[in-house]
Amino acid sequence: KKWILINNFISIILLIFLVYCLINSLFSQYLIDSLYTTISYSRYFFFSIGVAILLLNNEKNLIYFGYTLLLVLFFLSIDSYFQFYLGKNIFGWEMFEPGRVSSLFRDELIMGGFITRLLPLIIFFLILFSSNNKYFLFFSILFFPIILSLVFFSGERTALVMMIIQLILFLIFLKININFLLI
């Protein structure tokens, strides 16, 4: 069962790409820098395989992972709004740059990118947890403006564009009634 994760088309393509990058790095003029970059990219492949193995082995792990993601996003949302309105977050850390919320990331202004990259996983878990719940659409519609405003407060333009694209794709794939959405 675990071998299927590595032996599928996408995993094989990613593994071939990593080997290609490694071979290119070996012929680079700046060998150490190039190898460092290539090896650091390999962590994404191994992380995705590891998470898939962890989540597919036990359904409870999947549920715990989803609740942990939602809890992290909830805490980050509260802390970010706190920092946006009061100038300091829950721990008393001030904004590193005026007008840009960084929340728990202190001087690294990456909160918008962090939320944007977690959003597809969070959408998956919201759908998974509330597939039998008729209030899912209502909760999701309340959830997305909060997340969109957090990305806007972070001041990251790329993260904001990525978030808008993700929301549009979410609306297209779920075939949500536009009249309901406007209400």
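Proximity of a side-chain donor or acceptor of Thr38 to a complementary backbone N or O of Leu22 within less than 3.5 Å is not detected. Using a distance-only test at 3.5 Å, with no hydrogens or angles considered, a donor-acceptor pair links the side chain of Gln83 to the main chain of Ser102. A donor-acceptor pair under 3.5 Å is formed between the side chain of Ser149 and the backbone N or O of Pro145.
If you take OH on Tyr36 and OG on Ser34, they are separated by 13.0 Å, rounding to the nearest 0.5 Å. If you take CG on Leu18 and CZ on Phe45, they are separated by 7.0 Å, rounding to the nearest 0.5 Å. A distance of 11.0 Å separates CG in Leu35 from SG in Cys21, rounded to the nearest 0.5 Å. Interatomic distance, OG of Ser42 versus CZ of Phe47, reported as 13.5 Å (0.5 Å rounding). Atom-to-atom distance recorded for Ser28:OG and Asp33:CG is 8.0 Å, nearest 0.5 angstrom.
Hydrophobic clustering, with ILVMFWY side chains joined whenever heavy atoms are under 4.5 angstrom apart, keeps Val19 apart from Ile12. A chain of hydrophobic side-chain contacts below 4.5 Å, direct or via other Ile, Leu, Val, Met, Phe, Trp or Tyr residues, connects Met95 to Phe91. Grouping the Ile, Leu, Val, Met, Phe, Trp and Tyr side chains by contacts below 4.5 angstrom, directly or via other members, places Ile146 with Met163. In the hydrophobic clustering of this structure, Phe17 does not group with Phe46; members are Ile, Leu, Val, Met, Phe, Trp, Tyr whose side-chain heavy atoms approach within less than 4.5 Å, directly or through other members. Note on Ile147: it clusters hydrophobically with Tyr85, by side-chain heavy-atom contacts below 4.5 Å among ILVMFWY residues.
Aromatic ring centres of Phe153 and Tyr81 lie closer together than 6.0 Å.
Looking at Leu69 and Phe65, their side chains come closer than 4.5 Å, going by heavy atoms from C-beta outward. Here the side chains of Ile164 and Leu148 are in contact, with some heavy-atom distance below 4.5 Å. Residues Ser80 and Met111 form a side-chain contact, since some pair of their non-hydrogen atoms from C-beta on lies under 4.5 Å apart.
At most 12 heavy atoms of other shown residues, nucleotides or ligands fall within 6.0 angstrom of atom CZ in Phe152. The local environment of CD1 in Ile13 is crowded, with over 12 non-hydrogen atoms from other residues, nucleotides or ligands closer than 6.0 Å.
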**Item:** Derivation of the side chain to side chain contact (heavy atoms under 4.5 Å, CB included) call for Leu71 and Tyr67
**Value:** CA-CA 6 Å; Leu71 186 66; Tyr67 282 133; over 6 Å; no
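When all heavy atoms of Trp93 and Arg106 are compared, the closest pair comes out as NE1-NH2, 2.5 Å. For the residue pair Leu109 and Glu156, the shortest heavy atom distance occurs at O-OE2, 3.1 Å.
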Pairs under 3.5 angstrom only: tabulate donor-acceptor contacts from the side chains of residues 114-121 to other protein residues two or more places apart or in another chain.
| residue | atom | partner | partner atom | Å |
| --- | --- | --- | --- | --- |
| Thr116 | OG1 | Gly112 | O | 2.7 |
| Thr116 | OG1 | Ala159 | O | 3.2 |
| Arg117 | NH1 | Gly113 | O | 3.1 |

Under 3.5 Å, which donor-acceptor pairs link side chains of residues 72-79 to any protein atom two or more places apart or in another chain?
| residue | atom | partner | partner atom | Å |
| --- | --- | --- | --- | --- |
| Ser77 | OG | Leu73 | O | 2.7 |
| Asp79 | OD1 | Ile90 | N | 2.9 |
| Asp79 | OD2 | Asn89 | ND2 | 3.3 |
| Asp79 | OD2 | Ser103 | OG | 2.5 |
| Asp79 | OD2 | Leu104 | N | 3.4 |

